[in-house]
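Since we're looking at a predicted model, the values are computed, not measured.
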Amino acid sequence: MIKNLIFDFGKVLVDYEYFETLDQIFKTHEQAEEFYHLLIDGKWNENMDRGDSFEDTFCKMQQIMPQYKNEIAVVAQRFNEFVRGEKEGMRDLLAQLKSEGYHLYGLSNWCTKCHETMAQYPIFQLLEGQVISSEEKIIKPDQAIYERLCQKYSLLPEECLFADDRMENVEAARKFGMQAICFEDAVQYEQELRKILASVV
């Protein structure tokens with residue numbers, strides 16, 4: 001029986017978009033793209049999710065791209081603006097699921113700025129708890145982070161259903177023993193969720 005519903009944060013509970021903010025900071029879109037590829041392809045964002053210091057990371061990026069030193073400082077100040085708002089329909093759906101008796105948890109790869117973001121959006125108040133990669137020094141799809149969630153909240157994997165927008169994280173949850181859904185939007189998630197709940201005894 002499924003008792004616990006677990007959610008990734010980015011692209012599941014909240015949406016994010018880099019270039020709406022980066023294009024306001026850099027003089028050209030090409031400059032914004034150059035920084036974006038450093039942040040993402042250069043694994044700086046991933047390393048912050050693993051627990052690297054946010055401040056030290058941006059200082060190092062300024063050293064690598066000194067021509068954008070001022071712009072990178074502004075990006076650091078406005079980092080939380082990458083989150084554009086709650087995913088449509090998800091807060092109402094979580095509230096409904098909570099009223100049905102399901103326990104709601106979060107499991108997210110996110111840097112140390114995560115709690116600043118969580119404080120801005122009411123959807124996070126519906127969660128009973130969460131595990132954040134930068135606090136655990138482990139990122140999905142490492143099996144250890146799923147195990148950490150279960151240990152922290154005394155959950156049984158077979159009683160959990162996990163939602164994530166990345167298939168590798170979904171597959172890792174299934175390998176760990178959880179049911180899992182690759183998230184697209186609130187309607188698709190609820191449809192798949194209801195089918196699984198109806199089939200799992």
Side-chain angles (χ1 to χ4, degrees), residues 1-17 45-46 49-50 80 82-136 138-200:
M1 174 181 286
I2 300 298
K3 299 179 180 178
N4 312 296
L5 303 178
I6 304 162
F7 300 90
D8 178 34
F9 288 176
K11 299 290 187 180
V12 177
L13 298 188
V14 291
D15 214 347
Y16 61 86
E17 208 288 324
N45 201 51
E46 180 179 309
D49 287 349
R50 291 184 187 274
N80 291 334
F82 291 148
V83 176
R84 310 307 297 183
E86 296 178 359
K87 287 291 287 187
E88 184 178 358
M90 284 302 286
R91 196 201 312 175
D92 288 345
L93 178 55
L94 262 64
Q96 174 62 36
L97 294 167
K98 195 177 185 75
S99 74
E100 293 174 20
Y102 293 101
H103 300 284
L104 312 180
Y105 299 94
L107 178 60
S108 183
N109 289 350
W110 209 300
C111 71
T112 54
K113 291 285 186 180
C114 183
H115 292 283
E116 293 178 17
T117 298
M118 292 177 69
Q120 296 178 45
Y121 298 102
I123 194 169
F124 292 106
Q125 297 173 15
L126 295 167
L127 302 178
E128 295 182 32
Q130 61 277 324
V131 164
I132 308 300
S133 63
S134 57
E135 297 172 352
E136 304 296 332
I138 314 165
I139 66 170
K140 295 175 292 181
D142 191 319
Q143 295 273 300
I145 198 166
Y146 301 88
E147 183 176 7
R148 176 62 184 131
L149 177 75
C150 289
Q151 289 174 341
K152 185 174 182 180
Y153 297 106
S154 300
L155 309 179
L156 298 176
E158 61 268 25
E159 295 179 346
C160 297
L161 190 150
F162 175 61
D164 197 293
D165 65 307
R166 300 178 67 91
M167 182 54 75
E168 61 264 35
N169 298 335
V170 169
E171 291 174 345
R174 290 172 178 161
K175 186 176 180 180
F176 183 66
M178 297 178 175
Q179 295 275 352
I181 293 171
C182 191
F183 183 93
E184 297 174 13
D185 56 43
V187 173
Q188 169 263 349
Y189 170 75
E190 184 175 17
Q191 288 174 345
E192 293 199 30
L193 172 66
R194 298 298 181 188
K195 289 179 183 177
I196 291 172
L197 294 176
S199 66
V200 176

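Here the side chain of D185 pairs a donor or acceptor atom with the backbone of Q188 at under 3.5 angstrom. Between the side chain of Q143 and the backbone N or O of A172, at least one donor-acceptor pair lies under 3.5 Å. Side chain of R174 to main chain of Q179: no donor-acceptor pair is present (N/O by atom type, distance under 3.5 Å, no hydrogens or angles). Distance alone, capped at 3.5 Å, is enough to place a donor-acceptor pair between the E86 side chain and the I123 backbone. At distances below 3.5 Å, not a single donor-acceptor pair connects side-chain atoms of S133 with backbone N or O atoms of R50. Between the side chain of K11 and the backbone N or O of Y16 there is at least one donor-acceptor pair closer than 3.5 Å.
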Criterion ring-ring contact (aromatic ring centres under 6.0 Å, His included) on Y146 and F162, from CA distance to verdict: CA-CA 10 Å; Y146 301 88; F162 175 61; 5.7 Å; yes
field: Chi angles and distances behind the side chain to side chain contact (heavy atoms under 4.5 Å, CB included) call for L127, L13
entry: CA-CA 11 Å; L127 302 178; L13 298 188; 4.3 Å; yes
- request: Applying side chain to side chain contact (heavy atoms under 4.5 Å, CB included), run through E147 and F176 and close with a yes or a no.
  value: CA-CA 8 Å; E147 183 176 7; F176 183 66; 3.8 Å; yes
- request: Determine, step by step, whether L161 and L193 satisfy the side chain to side chain contact (heavy atoms under 4.5 Å, CB included) criterion, reporting the C-alpha distance in whole Å, the side-chain angles of both residues, the deciding distance to 0.1 Å, and the verdict.
  value: CA-CA 8 Å; L161 190 150; L193 172 66; 3.8 Å; yes
message: Determine whether M167 and V170 satisfy the following criterion, side chain to side chain contact (heavy atoms under 4.5 Å, CB included), listing intermediate values before the conclusion.
response: CA-CA 5 Å; M167 182 54 75; V170 169; 4.0 Å; yes
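To the nearest 0.5 angstrom, I132 atom CD1 is 5.0 Å from S108 atom OG. Taking CG of L93 as the reference point, atom CG of L5 lies at 9.0 Å (rounded to 0.5 Å). A distance of 10.0 Å separates CG in L94 from CZ in F124, rounded to the nearest 0.5 Å. Between atom CG of residue L104 and atom CD of residue Q125 there is a gap of 13.0 Å, rounded to the nearest 0.5 Å. In this structure, CG in D8 is found 10.0 Å from SG in C182, a value given to the nearest 0.5 Å. If you take CD1 on I181 and NZ on K195, they are separated by 10.0 Å, rounding to the nearest 0.5 Å.
Salt-bridge check for R84 with D15: failed, with every basic side-chain N at 4.0 Å or more from each acidic carboxylate O. Here K140 does not pair with D49 in a salt bridge; the nearest charged N to carboxylate O distance is not below 4.0 Å. Under the 4.0 Å criterion applied to side-chain N and carboxylate O atoms, E116 and K113 are assigned as salt-bridge partners. Of the charged side-chain nitrogens involved, at least one lies within less than 4.0 Å of a carboxylate oxygen, so that E190 and R194 count as a salt-bridged pair.
Between W110 and G10, the shortest heavy-atom contact is CZ3-N, 3.7 Å. Across every non-hydrogen atom of V12 and D165, the tightest pair is CG2-N, 3.8 Å. Here the shortest heavy-atom pairing between G89 and A186 reads C-CB, 4.0 Å. For F9 against G106, the heavy-atom pair with the smallest separation is CE2-CA, 3.6 Å. Residues E158 and I2 approach most closely at O-CD1, 3.9 Å, considering heavy atoms. Shortest non-hydrogen contact noted between L155 and C160 is CB-SG, 3.9 Å.
At least one side-chain heavy atom of L197 sits less than 4.5 Å from a side-chain heavy atom of Y102. Residues C114 and S134 have side chains not in contact (no heavy-atom distance under 4.5 Å, counting atoms from C-beta outward). In this structure, the side chains of V131 and I145 come closer than 4.5 Å at one or more pairs of heavy atoms.
Classification of the Y189-F183 ring pair by plane angle, with boundaries at 30° and 60°, yields tilted. Relative orientation of the Y153 and Y105 rings is tilted, given thresholds of 30° and 60° on the angle between their planes.
Test E128, K98, K3, E159 against H103 for side-chain hydrogen bond (donor to acceptor under 3.5 Å, both in side chains) and you get one pass: E128.
By the 6.0 Å contact criterion, CD on Q120 is enclosed, its count of non-hydrogen atoms from other residues, nucleotides or ligands being greater than 12. Heavy-atom contacts from other residues, nucleotides or ligands closer than 6.0 Å to NZ of K175 number 12 or fewer.
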